[in-house]
Amino acid sequence: MSSTRSKVFLGLGLYFALVVAFVLIFGSSGENEAFQPQNEFKLDDWIDLGIFSINKAVLYIVAAGVLTVATMLYVANRMQARPNRVQTVVEMLYGLMRENITNGNLEDPKMARKWFPFIATIFLFIWFSNLIGYLPLPTNTEHKVDIFGLDVPAFALYAATANLSVPLVLALVVWVAYNVEGIRAKGFIGYMKSLIPAGVPGPLKGPLFFLELFSNIMRLMSLSVRLFANILAGHLIILFMGGALAVLLGSAAIGILTFPMGVVLFLFEVGLVATLQAFIFATLTAIYLGGAVAESH
């Protein structure tokens, strides 16, 4: 057996021995029956205005919107002939949005120029929403911390895109945009006819039209649920691995085992999932826009 493999097995053995030792020493300490993990996503009204109430979801949406606008202004006004490191990163991001997402899926250059600001805004808003969702912010008003006599909200993770209403509104905006673009380019009747794939014989056109129409409407679900489910699942796994599982099972020692996994998953979500989900949503937006004006879907 090689020395490297021996060191790996020795490290794993010591790690599990440490977990067993903590279980024997601390037993069931750490149990908290009042803790409800689902409440981490509960939205308490900070300012009650009925359907326009202000809560932490509104805070995250505004923060993502401000970051999106600020980035757009930075890109527009700070370009130099000799780019520094920050500009180099911004230019790489700009190239991703323009060349890979927009131009790569919209064949007509005129249409690509027209819809690039819309697609880039969608990408940046979702990207910033996902990223700031992994920053611990004092937004947990259910569990407050007493600091010098002041009740300060506890730190928590939350993402606006982990609330289904936000991805659903984004999907609705995209759905309306590409259908209006298709109708404007072909006319209503022509757009409806273009839903039927080319080469389909006459008797099959009727059933296929309704199937394609249903598929078109279901894009609302696929776009919104994909983003919502991925971000929500990531936050739930981080929450449980970071300590919630140990609290629910009443054994603080389990946290020794799960916490390193939580750190790895956190880095995975921040480094890949947050960007990947924004990329997928923006790319599908460009594909749907291109498909709406194509000869047939």
Side-chain angles (χ1 to χ4, degrees), residues 32-72 121-174 223-248 259 262-263 265-278 281-282:
N32 184 355
E33 296 180 352
F35 176 66
Q36 299 294 326
Q38 66 272 20
N39 287 351
E40 295 294 314
F41 299 92
K42 182 181 176 184
L43 296 177
D44 295 323
D45 290 342
W46 296 344
I47 301 176
D48 189 4
L49 299 174
I51 60 173
F52 299 106
S53 295
I54 306 299
N55 51 43
K56 64 181 177 183
V58 176
L59 171 67
Y60 278 85
I61 291 172
V62 171
V66 169
L67 287 171
T68 302
V69 173
T71 303
M72 290 287 190
T121 303
I122 290 280
F123 174 83
L124 289 175
F125 179 80
I126 295 174
W127 191 50
F128 283 125
S129 294
N130 293 345
L131 287 179
I132 62 177
Y134 296 109
L135 294 176
L137 298 176
T139 57
N140 189 340
T141 51
E142 183 182 13
H143 301 98
K144 296 183 179 179
V145 180
D146 187 350
I147 300 179
F148 302 115
L150 296 176
D151 289 334
V152 178
F155 281 86
L157 296 181
Y158 182 80
T161 43
N163 185 318
L164 181 59
S165 59
V166 175
L168 186 58
V169 169
L170 292 172
L172 185 60
V173 170
V174 171
L223 263 181
S224 56
V225 172
R226 180 187 295 107
L227 176 60
F228 158 73
N230 277 282
I231 300 303
L232 178 65
H235 278 70
L236 281 174
I237 294 173
I238 292 171
L239 174 65
F240 279 100
M241 293 295 103
L245 186 62
V247 174
L248 287 175
F259 186 76
V263 172
L265 287 168
F266 177 84
L267 296 175
F268 176 74
E269 291 284 330
V270 174
L272 180 63
V273 176
T275 304
L276 182 62
Q277 289 305 315
F281 198 102

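For the numbers below, each heavy atom of this structure counts, side chains included, while hydrogens, waters and symmetry mates do not.
By the 4.5 Å heavy-atom criterion applied to side chains, Y60 and V166 are not counted as neighbours. Side-chain contact between I47 and S53: absent, with no pair of heavy atoms (C-beta onward) separated by less than 4.5 Å. Using a 4.5 Å heavy-atom cutoff, the side chains of F281 and V174 are in contact. A heavy-atom distance below 4.5 Å is found between the side chains of Y158 and N163. Counting heavy atoms from C-beta outward, N130 and I231 have side chains that approach closer than 4.5 Å. Residues V58 and W46 are not in side-chain contact: their nearest non-hydrogen atoms beyond the backbone lie 4.5 Å or more apart.
In this structure, T275 OG1 and L131 CG are separated by 5.5 Å, a value rounded to the nearest 0.5 Å. If you take CD1 on I61 and OG1 on T161, they are separated by 9.5 Å, rounding to the nearest 0.5 Å. A distance of 10.5 Å separates CG of L227 from CG of L232, quoted to the nearest 0.5 Å. Separation of atoms CG (L236) and CE (M241) is listed at 11.0 Å; rounding is to 0.5 Å. The NE2 atom of H235 sits 8.5 Å away from the CZ atom of F266 when rounded to the nearest 0.5 Å.
Of all heavy-atom pairs spanning A282 and I122, the tightest one is CA-CG2, 4.5 Å. Nearest heavy atom pair, residue F228 against residue A162, reads CE1-O, 3.1 Å. When every heavy atom of P167 is checked against every heavy atom of A160, the shortest pair comes out as CD-O, 4.4 Å. Contact record, L157 with L135: CD2-C, 3.6 Å, taken as the closest heavy-atom pair.
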Can you give the donor-acceptor pairs under 3.5 Å from side chains of residues 62-69 to other protein atoms, not counting sequence neighbours?
from, atom 1, to, atom 2, distance (Å)
T68, OG1, A64, O, 2.7

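For S129, there are no side-chain hydrogen bond (donor to acceptor under 3.5 Å, both in side chains) partners two or more places apart in sequence or in a different chain. Among residues two or more places apart in sequence or in another chain, the side-chain hydrogen bond (donor to acceptor under 3.5 Å, both in side chains) test is passed with E269 by Y134.
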